[in-house]
Structures are given as C-alpha cells and as structure tokens.
Amino acid sequence: MDDTFRWFGQRGITLSRSGSEREYAGRVEGADLSLVLLSAGEIPRELASGRIDLGVTGSDLVREKLAGWRSDVQALMPMGFGHADLVLAVPACWRDCETLDDLAAITRQFRADHGFRLRIATKYHRLVRAFLSEQEIADYQLVDSQGATEGTVANLTAEAIADITSSGETLRANHLKILPDALIHASQATLFASNKADQDAVAALSARLAAEE
C-alpha cells in the first residue's frame with residue numbers, strides 16, 4: 001500500500017487512507033477516482049467482475065486467479081516494486097538434479113520406485129501446471145499449500161516446491177535449491193484495468209501516468 005501511494009504521488013495523484021487503521025477506505029486527490037483498499041489476492045477477481053476499474057496487484061496473482069486473464073484485464077504498466085520470482089525448488093541434497101531435464105528423469109524414476117507421483121507443494125496450481133506442461137514434465141502431482149510452503153519438504157508432505165521468492169534466502173535456510181532453468185514467472189506490482197471499465201477513461205489515465213514516467 002505504501003509503495004502504491006508513493007508511486008501515484010510521484011505522478012501527481014495523492015492517495016491516502018481515510019478513517020481509522022481498521023477501515024478499508026481511502027481518498028484520492030488530483031484525479032477523478034475513488035479508492036478502495038483490498039487484499040492483493042482479491043483484486044484480480046474484482047477487476048474481472050468489473051466491480052473495480054483499476055487495481056494494483058502482483059502479476060503472478062492475476063495470472064494464477066484468472067484463467068485466460070487477458071480477456072478480463074489489461075496490464076497498464078509495471079510499477080517497479082514488489083518484485084518476486086515464482087520458482088521451482090528441490091532439496092539441496094539432490095546432487096543429480098541441476099536442471100529441469102534432471103527433474104523430469106527423477107519424476108519418472110520416483111514413480112517407478114514408489115508407485116505414486118512426485119509431489120510438488122504450491123499455492124500456484126495454474127501457473128505451475130502450465131509451466132511443467134510446456135517443459136513436458138508429467139510424472140508429478142501438485143499438493144496444495146496455503147502456509148509455509150518451504151517447510152513441506154522437511155515435513156515430508158512434498159518432495160519439491162514451487163513458490164514465490166525475492167532473495168532465495170528462505171529457501172536456502174530450508175535446505176532447498178532453485179533450479180536455474182525453472183523460473184516460472186517474474187512477478188512485480190502492476191497497474192491493471194478491467195476490460196469492463198470505461199476504456200476512454202482508462203486510456204486518458206494511462207496517457208497521464210505515462211507522461212510522468
């Protein structure tokens with residue numbers, strides 16, 4: 001929120017909270033806009049429904065929560081903060097796993113040895129499934145994780161994970177390594193517009209913001 005307020009402020013539009021810290025409302029000075037404060041995860045669906053016209057959220061969340069997202073929203077501009085990579089990570093002790101080709105071979109052998117598919121814990125089922133399909137990796141199963149995904153390998157509920165990371169430090173602390181060719185999506189905060197919004201108004205605002213870059 002603070003980064004978003006700062007980003008708009010640098011472009012002549014002042015955003016601020018209104019009411020108490022517990023209220024999800026705000027005000028806008030310098031543009032004909034009203035402000036609603038929502039969690040990042042709620043914003044993609046609110047944009048798709050047309051209940052909000054513009055929204056700031058991670059590009060990963062839009063792609064994960066909206067199937068065929070381009071039919072629902074348009075990305076107006078990246079905002080330069082909130083950088084995080086959705087990556088695939090495996091146990092650091094897997095010395096014979098350094099690439100996706102290695103992982104594909106391991107998944108096939110794992111299924112042959114154990115009689116079930118290798119488990120990958122993630123919150124990002126749509127993005128991970130699409131990525132692995134492109135890489136022609138099929139012998140796996142996705143395990144839903146809504147908590148500390150990086151802990152699922154140590155807890156023996158998964159053999160690998162796909163999760164968001166900024167520095168990789170948390171993954172390394174949990175004895176995991178990122179496969180160098182397994183960047184699923186490079187996310188950052190992005191200003192999106194609903195395709196149900198007034199497109200002339202969206203275009204005018206986009207032009208104004210672009211002029212301030």
Less than 3.5 Å apart, which donor and acceptor atoms pair up between the side chains of residues 125-133 and the rest of the protein, not counting sequence neighbours?
from   : atom 1 : to     : atom 2 : distance (Å)
His125 : NE2    : Thr122 : O      : 3.4
His125 : NE2    : Asp144 : OD1    : 3.2
Arg126 : NH1    : Glu64  : O      : 2.3

*Quick one: side-chain hydrogen bond (donor to acceptor under 3.5 Å, both in side chains) pairs with a partner in residues 159-170, sequence neighbours left out?*
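Every side-chain hydrogen bond (donor to acceptor under 3.5 Å, both in side chains) pair that includes a residue of residues 159-170, provided the two are not neighbours, is Arg119-Glu159.
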All N/O donor-acceptor pairs, side-chain side in residues 25-34, below 3.5 Å, sequence neighbours left out:
from  : atom 1 : to    : atom 2 : distance (Å)
Arg27 : NE     : Ser16 : OG     : 3.4

For residues 65-79, which side-chain donor-acceptor pairs fall under 3.5 Å, sequence neighbours excluded?
from  : atom 1 : to     : atom 2 : distance (Å)
Ser71 : OG     : Gly68  : O      : 2.7
Gln74 : NE2    : Gln199 : OE1    : 2.6

*List the atom of Val90, the atom of Ala160, and the distance in Å for their closest heavy-atom pair.*
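Closest approach of Val90 to Ala160, heavy atoms only: CG1-CB, 4.1 Å.
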Sequence neighbours excluded and cut-off under 3.5 Å, please list the side-chain donor-acceptor pairs for residues 178-185, or say none.
from   : atom 1 : to     : atom 2 : distance (Å)
Asp181 : OD1    : Leu100 : N      : 3.2
Asp181 : OD2    : Leu100 : N      : 3.1
His185 : NE2    : Ser59  : OG     : 2.9

*Mark yes when over 12 heavy atoms from residues, nucleotides or ligands other than Gln10 sit less than 6.0 Å from its CD; otherwise mark no.*
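More than 12 heavy atoms, drawn from other residues, nucleotides or ligands, come within 6.0 Å of this atom.
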*Got more than 12 heavy atoms from elsewhere within 6.0 Å of NE2, His83?*
yes
*asked:* Between Trp7 and Met1, is there shared hydrophobic-cluster membership here, with clusters defined by ILVMFWY side-chain heavy atoms closer than 4.5 Å?
replied: yes
*Applying the side chain to side chain contact (heavy atoms under 4.5 Å, CB included) test to Val87, which of Leu171, Ile161, Leu176 qualifies?*
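Per the side chain to side chain contact (heavy atoms under 4.5 Å, CB included) rule, the option paired with Val87 is Leu171, out of Leu171, Ile161, Leu176.
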*Would you please name every residue forming a side chain to side chain donor-acceptor pair (under 3.5 Å) with Arg117, sequence neighbours left out?*
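Partners of Arg117 by the side chain to side chain donor-acceptor pair (under 3.5 Å) criterion, ordered by chain and then number, come out as Asp139.
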*Between Glu42 and Ser39, does any side-chain donor sit less than 3.5 Å from a side-chain acceptor?*
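There is such a pair (donor and acceptor under 3.5 Å, judged by atom type) between the side chains of Glu42 and Ser39.
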